[in-house]
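See structure below.
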Amino acid sequence: MFDKVLIANRGEIALRIQRACRELGIATVAVHSTADENAMHVRLADESVCIGPPAATESYLNIPALITACEITGADAVHPGYGFLSENARFADILDDHNIAFIGPSADHIRTMGDKIEAKRTVAALGIPVVPGSEGGVSDPDEARAIAAGIGYPVLVKAASGGGGRGMKVAKTESDLEEAMQTASREAAAAFGDGTIYIEKFLGRPRHIEIQVLSDGKGNAVHLGERDCSLQRRHQKVWEEALSPALNSEQRETIGNTVAKAVAEMRYEGVGTVEFLYENGEFYFIEMNTRLQVEHPVTEMITGLDLVQEQIRVASGAELLYSQEDIVFSGHAIECRINAENAETFVPSPGTVVSLHQPGGLGVRVDSAIYQGYTVPPYYDSLIGKLIVFGKSRQECLMRLRRCLGEYVIEGIETTIPLFQRLVSDPDILNGDYDIHWLEEYLDN
Ligand code: ADP
């Protein structure tokens with residue numbers, strides 16, 4: 001096991017990882033920018049190192065500063081959290097060169113899954129269902145027309161190195177196709193330095209359902225069920241739940257086992273999430289995230305496993321402690337992402353938290369790094385906390401969530417709590433009847 005883990009992140013996830021380390025008896029090193037000197041993850045760490053000015057490119061993304069911080073403190077492993085360097089294969093390689101463990105999969109797996117065409121090819125070969133489309137990149141308009149005609153319109157033109165919903169264009173008919181290709185390619189070249197595009201069937205009203213896996217790189221893997229993350233705004237998840245109101249246990253077992261078998265065969269190491277669009281009873285792979293996800297707590301609530309501790313164990317070379325029969329799903333969990341933003345305009349609202357009361361009680365978990373008197377800096381993601389609620393049934397979970405949202409007080413900054421207060425009483429939400437477009441349509445009305 002590791003002696004000392006440096007956590008290359010900030011905010012709630014840095015604290016979350018610290019907690020896992022402390023329970024495992026591992027010392028922690030926090031890193032921070034000058035804007036985060038008074039942050040909770042710094043206050044609670046065993047040691048801390050300032051790695052640069054506020055801009056993330058000069059601090060949380062500054063690889064030389066992070067390596068130096070490891071060397072100064074003698075950290076033998078780095079946990080990247082999510083975002084920042086968590087899916088940066090070069091960072092994993094550089095750590096390896098310095099004999100520091102990267103708590104995550106191999107650089108090769110990060111690289112493969114970071115290229116959407118390569119990822120799709122790899123998982124399809126392992127039996128995971130993918131969206132019908134081109135075999136690889138397409139640049140010739142005639143070839144594109146033939147492929148699109150074969151799968152049927154509408155089609156989606158996507159960038160191989162896309163992310164955050166950029167470099168994606170829908171072509172409703174053949175007459176839109178060439179322009180969609182040009183726009184997507186141009187956008188992708190500008191944003192990612194790679195204009196390679198491919199074509200997929202466009203799914204009209206799917207749900208976003210993702211499978212959580214845990215794998216030890218030695219041929220053992222389990223799936224930890226799914227999360228339904230269909231409630232999104234601008235491709236950002238807002239509300240996540242486990243299990244999905246749309247799946248039955250047979251569907252869960254089938255897709256879960258397919259994914260677990262695939263990652264075991266890949267010799268994938270650590271936690272990972274295989275994301276699907278789900279429509280009319282069929283799953284279509286969209287991408288694999290080779291890291292811990294923001295929404296991992298809902299899975300922890302229904303399985304009782306600490307995903308971060310499992311991730312650290314596997315990274316230190318241990319075999320999985322569980323086989324699939326040991327994984328038992330119980331109850332229902334929902335996570336609301338609380339952002340420092342206006343709940344109607346979504347304009348960020350940094351500033352000082354002058355008063356704070358967080359909900360509690362049975363089945364309630366708040367993952368957050370804010371405190372009374374804390375100033376939310378304007379430089380980073382606006383997520384300031386996650387409210388995760390568990391219930392024996394989905395109905396109990398929703399009732400408890402409504403109670404918690406009524407108790408939650410954050411004053412001094414605006415938050416998205418009022419949005420969740422509305423959502424938790426909406427009939428479609430209560431019925432679990434929503435798809436990936438539901439929230440944007442709701443917000444437009
Ligand atoms: P990114 O990496 O940019 O987030 P994804 O491939 O994960 O790209 O897709 C982002 C979102 O775009 C999905 O959550 C879904 O809303 C939409 N999307 C992607 N592929 C399709 C598709 N084939 N049909 C319909 N919508 C899609």
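Whatever order the structure lists ligands and atoms in, that order sets their numbers, starting from 1. Only a predicted model underlies this, so the values are computations on that prediction, with no experimental measurement involved.
Between the side chains of Thr273 and Arg227, at least one donor N or O lies within less than 3.5 Å of an accepting N or O. Judged purely by distance below 3.5 Å, without hydrogens or angles, the side chains of Gln324 and Asn257 never pair a donor atom with an acceptor atom. Using a 3.5 Å distance cut-off with no hydrogens or angles, the side chains of Tyr60 and Asp36 do pair a donor with an acceptor. Using modelled atom types and a 3.5 Å distance limit, the side chains of Ser323 and Asp326 yield a donor-acceptor pair. Between the side chains of Thr299 and Gln212, no donor N or O sits under 3.5 Å from an acceptor N or O.
Between Phe283 and Phe276, the ring planes lie perpendicular to each other; the angle is over 60°, past the 30° to 60° tilted range.
Evaluated by nearest non-hydrogen atom to atom 20 (N) of ligand 1, the leading choice among His437, Arg166, Lys158 is Lys158. Among Glu279, His235, Met288, the residue whose heavy atom lies closest to atom 17 (C) of ligand 1 is His235.
Near Glu287, the atoms of ligand 1 lying under 4.0 angstrom from a non-hydrogen atom of the residue are 2 (O), 7 (O). Short contacts between ligand 1 and Leu156, defined as distances under 4.0 Å to a heavy atom of the residue, involve ligand atoms 19 (C), 20 (N), 21 (C), 22 (C), 23 (N), 27 (C). Below 4.0 Å from some heavy atom of Lys116 lie the following atoms of ligand 1, by number and element: 1 (P), 2 (O), 3 (O), 5 (P), 6 (O), 8 (O). Interface atoms of ligand 1 facing Ile436, defined by a heavy-atom separation under 4.0 Å, are 15 (C), 16 (O).
The nearest protein atom to atom 9 (O) of ligand 1, hydrogens excluded, is given as Met168 CE, 3.7 Å; this is a heavy-atom distance. In terms of protein heavy-atom proximity, atom 27 (C) of ligand 1 is closest to Leu277 CD1, 3.5 Å. Nearest non-hydrogen protein atom to atom 3 (O) of ligand 1 is Gly165 N, 2.5 Å. Counting protein heavy atoms only, atom 24 (N) of ligand 1 is closest to Leu203 N, 2.9 Å. Scanning all protein heavy atoms for the shortest distance to atom 13 (C) of ligand 1 gives Ile286 CD1, 4.0 Å.
Scanning both residues, Ala343 and Thr416, for their nearest heavy atoms gives CB-CA, 4.1 Å.
Remark: Lys392 NZ is loosely packed, at most 12 non-hydrogen atoms of other residues, nucleotides or ligands lying under 6.0 Å away.
The shortest side-chain heavy-atom distance between Ile110 and Pro105 falls under the 4.5 Å cut-off.
Checked against a 3.5 angstrom limit, the closest N/O atoms of Glu275 and ligand 1 fall outside it. Polar contact with ligand 1: absent for Phe202 (N/O pair, distance under 3.5 Å).
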